[in-house]
Amino acid sequence: VWLWVTCNALAGPTLGVSCMQLALRNNATGVVLAIVAMTPLAVIPLARIFEGERPTLYSLLGSVVAVAGAVGLILTK
Amino acid sequence: MIAALAASILFATSITCGHRAAKIIGGASANFWRLVIATILLGIWSFGFGLGLGGAGFTFFFVSGLLGFGVGDVALYQALPRLGSRLAMLFTQCLAAPFAVIIERVWLGTQLSWLQILCISVILGGVALAIAPHETTKRDPREWRIGALFGVLSGLGGALGAVFSRRAFAAAAGAHETRTPRFNASSEAFLWQEFSSPSSDGKNPAHSLTPPVKMIAVTMPARKGECGCGLLATHLPARR
């Protein structure tokens with residue numbers, strides 16, 4: 001259990017927040033928050049791998065649309 | 001931009017690990033120990049290699065934590081039992097970015113291009129499509145209105161918190177500080193209290209969520225990330 005707790009602490013409040021702050025330092029808040037809003041979508045493949053949870057058609061479609069938007073956002077920079 | 005993507009992936013990883021840990025020792029305990037470990041790590045980092053508490057941006061970071069976390073997350077937890085996990089998440093995730101665009105435009109004068117706004121809209125549309133509840137649930141209209149209000153407040157709190165972080169960076173840059181980790185333990189204790197406290201019906205709302213929303217809520221502060229965590233390890237400019 002300590003492995004999961006430590007990974008949770010490292011990935012979220014330590015490295016995740018650091019990356020978020022780094023992003024906010026260099027990018028507009030709206031852009032950063034839009035990309036970070038994709039977190040629920042990034043959970044989908046992890047949930048599939050670790051929990052065996054099958055993604056719904058809507059979640060897959062939504063992910064494709066959101067990723068297209070993120071790619072567009074990167075290309076516009 | 002890459003940092004934002006990395007943050008998103010790291011938050012998702014954190015959520016997955018948090019979900020695993022919560023299954024074994026319970027959500028409140030998992031969150032408590034997560035915060036203890038994170039606080040120690042960030043404390044070592046910021047006090048050992050940075051300025052610790054202080055610096056030109058400290059006040060803004062502190063307020064950022066209070067708004068993003070104190071207002072944003074508290075409102076989210078009020079919205080959760082009223083709207084359901086998916087709808088509450090939808091409000092928070094999809095409103096924070098537009099609010100932030102407007103607030104930053106008015107306060108800091110940051111102007112996004114129409115193309116950027118279009119891309120942000122596409123991203124949020126995709127997120128909405130993915131996490132919106134597709135089944136109809138009958139809800140009390142009054143409760144729904146109150147929940148929606150809290151949902152909006154949650155998005156607003158998150159946006160304000162993030163914009164205050166941006167303002168803090170501007171303040172730090174104005175004070176000619178160079179990159180150094182900074183520690184802002186604005187409200188870790190508050191986070192613990194918030195997450196571990198039961199809802200009005202005596203249940204922790206995180207216990208009634210559906211995965212992957214449940215996984216997200218279990219580690220909600222990590223998801224909020226920006227300042228909602230209240231513990232900000234930042235690459236701030238250090239004094240020359």
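Any value given below was found using the heavy atoms of this structure, including those in side chains, with hydrogens, waters and symmetry copies removed. The chains referred to below are lettered A, B, ... by the order of the sequence lines, with proteins before strands, and numbering in each begins at 1.
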Q) Taking the six-membered ring for Trp, is the centroid-to-centroid distance between B:Phe164 and B:Phe169 below 6.0 Å? A) no
Q) If you tally heavy-atom pairs under 4.5 Å against chain B, which of A:Ala42, A:Ala28, A:Gly72 wins? A) A:Ala28
Q) Picking from A:Ala9, A:Cys7, A:Ala23, which has the most non-hydrogen pairs under 4.5 angstrom with chain B? A) A:Ala9
Q.
side-chain contact (heavy atoms from CB on, under 4.5 Å) for B:Leu87 and B:Leu90? Distances and angles first, verdict last.
A. CA-CA 5 Å; B:Leu87 208 51; B:Leu90 191 64; 4.0 Å; yes
(Q) Looking only at side-chain N and O atoms, does A:Ser59 offer a donor or acceptor that is under 3.5 Å from a partner on A:Thr56? (A) yes
**Q.** Option that, when pairs with chain A are counted at under 4.5 Å, heavy atom only, ranks first among B:Val163, B:Ile117, B:Leu118
**A.** B:Val163
Q) Looking at B:Ala130, B:Gly125, B:Ala170, which makes the most heavy-atom pairs under 4.5 Å with chain A? A) B:Ala130
Q: Using the side-chain contact (heavy atoms from CB on, under 4.5 Å) rule, take A:Leu22 and A:Ser18 through it: C-alpha gap first, then chi angles, then the decisive distance, then the call.
A: CA-CA 6 Å; A:Leu22 190 61; A:Ser18 299; over 6 Å; no
(Q) For B:Phe32 and B:Leu35: C-alpha separation, side-chain torsions, deciding distance, then whether side-chain contact (heavy atoms from CB on, under 4.5 Å) applies. (A) CA-CA 5 Å; B:Phe32 173 75; B:Leu35 294 177; 5.9 Å; no
**Q.** Segment of B:Leu5 engaging chain A (4.5 angstrom heavy-atom cut-off)
**A.** both
(Q) Quick check on B:Thr13 against chain A: is it the side chain, the backbone, both or neither that has a heavy atom closer than 4.5 Å? (A) both
Give, for atom [atom1] of [X] and atom [atom2] of [Y], the distance between the pair rounded to the nearest 0.5 Å.
X        : Y        : atom1 : atom2 : result
A:Glu51  : A:Ile44  : CD    : CD1   : 13.5 Å
B:Ser14  : A:Leu10  : OG    : CG    : 9.5 Å
A:Gln21  : A:Asn26  : CD    : CG    : 11.5 Å
B:Leu108 : B:Arg166 : CG    : CZ    : 7.0 Å

**Q.** Contact listing (chain A partner; residues 98-107 of chain B; heavy atom under 4.5 Å)
**A.** B:Ala100, B:Val101, B:Glu104
